[in-house]
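Below are the structure tokens for one structure; questions will follow.
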Amino acid sequence: MQTRNRKRLQLVLLASLFVVPVMLAAILANSGWIPGARSYGQGIVPQRSVEDVVVDLADGARLDWHDPDWRWSVVALPGKRCAEACMAQLDRIHRVRVSLNQNARRVRLLYLGAPPDGVAADELMKAWQTGSDVHGGFAEWAPTTDDGLAVVLVKPDGTALTVYADGFDAAGLRKDLAKVTK
């Protein structure tokens, strides 16, 4: 091989070291692949603000979605009535929050709807803020089953990020909360 051709080949190989990774990244980005962005819930696309959703809390106050303590909101949406399955899922979510250890303070639990009845329910609901969705802003994510429970994860700035449909695995919610509260 002549020296001139060899130098051209070296130049092409050197240029390809820079061009090929950029092209590969562009192809992956256009295909929708995002590294390390696996979520156990279903992403709300496009993400939307819930600032306009009016939530009246049980104590008479109105919920401020822009949390000054920069806490994530786990919004529980019950079915028509919250009985055994719903209460079991609420208990799992509370345990998920507790398992976050020092980051548990960065998560607030919000239950929208009529709270369940009974002594066990009264004890369980002490960990939850209860309120009502005045204009039905979360209605599209509520479960259709009577004893179901869905969850919406809301960022501290008031943006709905992920929805966990009825029957979701609380361990997946825990993994997602562990990622976002670091």
For R62, is there any backbone N or O sitting under 3.5 Å from a side-chain donor or acceptor partner on D56?
no

Does E51 have more than 12 heavy atoms from other residues, nucleotides or ligands lying within 6.0 Å of its CD?
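More than 12 heavy atoms, drawn from other residues, nucleotides or ligands, come within 6.0 Å of this atom.
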
Looking only at heavy atoms, what is the nearest atom pair of C86 and L149, with distance?
SG-CD1, 3.9 Å

Got a sec, which residues hit salt bridge (charged side-chain N to carboxylate O under 4.0 Å, His left out) with D169, two or more places apart in sequence or on another chain?
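By the salt bridge (charged side-chain N to carboxylate O under 4.0 Å, His left out) rule, D169 matches no residue at all.
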
Should L9 and R6 count as side-chain neighbours, where that means a heavy-atom distance under 4.5 Å?
no

Do Y111 and Q129 pass the side chain to side chain contact (heavy atoms under 4.5 Å, CB included) test, and can you show the C-alpha distance, the side-chain angles, and the key distance before you say yes or no?
CA-CA 6 Å; Y111 178 89; Q129 279 185 299; over 6 Å; no

T159 and W65: side chain to side chain contact (heavy atoms under 4.5 Å, CB included), yes or no, with the steps?
CA-CA 9 Å; T159 304; W65 289 107; over 6 Å; no

Given Y40, which partner from the list L177, L173, D176, T162 fulfils the side chain to side chain contact (heavy atoms under 4.5 Å, CB included) test?
D176

Have D166 and T145 got a donor and an acceptor in their side chains that come within less than 3.5 Å?
yes

So which atom in P143 and which in G79 form the shortest heavy-atom distance, rounded to 0.1 Å?
CG-N, 3.6 Å

Supply the atom-to-atom distance S73 OG to L63 CG, rounded to the nearest 0.5 angstrom.
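Here the interatomic distance stands at 6.5 Å.
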
Before you tell me yes or no, could you show the steps for L110 and L112 under side chain to side chain contact (heavy atoms under 4.5 Å, CB included), namely the whole-Å CA-CA distance, both residues' side-chain angles and the distance that decides it to 0.1 Å?
CA-CA 6 Å; L110 175 64; L112 297 182; 3.9 Å; yes

How close do V180 and R106 get, heavy atom to heavy atom, and via which atoms?
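Heavy-atom minimum between the residues: O-NH1, 4.2 Å.
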
With a 4.5 Å cut-off on side-chain heavy-atom distances among I, L, V, M, F, W and Y, is there a chain of contacts connecting L77 to V163?
yes

Taking salt bridge (charged side-chain N to carboxylate O under 4.0 Å, His left out) as the cut-off, I'd like each qualifying pair that reaches into residues 82-95, sequence neighbours left out, listed once.
D91-R95

Report the C-alpha distance between R108 and W72 in whole Å, list the side-chain angles of each, state the deciding distance to 0.1 Å, and finish with yes or no for side chain to side chain contact (heavy atoms under 4.5 Å, CB included).
CA-CA 6 Å; R108 68 177 165 186; W72 289 74; over 6 Å; no

Distance-minimising heavy-atom pair for A85 and D147
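Nearest pair, atom of A85 first, then D147: N-OD2, 2.8 Å.
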
Residues in salt bridge (charged side-chain N to carboxylate O under 4.0 Å, His left out) contact with R48, at least two apart in sequence or another chain
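Residues passing salt bridge (charged side-chain N to carboxylate O under 4.0 Å, His left out) with R48: E140.
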
Hey, does the side chain of R97 reach the backbone of A104 with a donor-acceptor pair shorter than 3.5 angstrom?
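Yes; judged by distance alone, with no hydrogens or angles, the pair exists.
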
Among L153, V74, I93, find the one that has a side chain to side chain contact (heavy atoms under 4.5 Å, CB included) with V107.
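One option only clears the test, and that one is V74.
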
Do you reckon M125 sits in the same ILVMFWY cluster as V96, going by side-chain contacts under 4.5 Å, direct or chained?
yes

Is it true that, when you exclude D117 itself, more than 12 heavy atoms of the residues, nucleotides or ligands shown sit nearer than 6.0 Å to its CG?
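It does not: D117 CG has 12 such atoms or fewer within range.
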
Let me check something: do V75 and W141 share a hydrophobic cluster, defined by ILVMFWY side-chain heavy atoms less than 4.5 Å apart, either directly or through other members?
yes

Which donor-acceptor pairs under 3.5 Å do side chains of residues 14-21 form with protein atoms, sequence neighbours excluded?
residue: S16; atom: OG; partner: V12; partner atom: O; Å: 3.4
residue: S16; atom: OG; partner: L13; partner atom: O; Å: 2.7

Are V55 and V154 joined in one hydrophobic group, where the rule is that I, L, V, M, F, W and Y side chains link up if heavy atoms are under 4.5 Å apart?
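As far as the 4.5 Å side-chain criterion goes, V154 and V55 are connected within one cluster.
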
Closest heavy-atom contact between M87 and L124?
O-CD2, 3.5 Å

Suppose we screen for ring-ring contact (aromatic ring centres under 6.0 Å, His included). Which residues come up paired with W128, at least two apart in sequence or across chains?
none

Between H135 and D52, is any pair of side-chain heavy atoms under 4.5 Å apart?
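Answer no - side chains too far apart.
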
Sequence neighbours excluded, which residues qualify as ring-ring contact (aromatic ring centres under 6.0 Å, His included) partners of F168?
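Partners of F168 under the ring-ring contact (aromatic ring centres under 6.0 Å, His included) test: Y164.
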
Side-chain donor/acceptor of D133 to backbone N/O of F138, under 3.5 Å
yes

Taking every non-hydrogen atom, the tightest pair across C82 and P116
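Shortest heavy-atom contact: O-CB, 3.5 Å.
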
Hey, what do you get for CG (L57) to OG1 (T130), rounding to the nearest 0.5 Å?
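Here the rounded value is 7.5 Å.
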
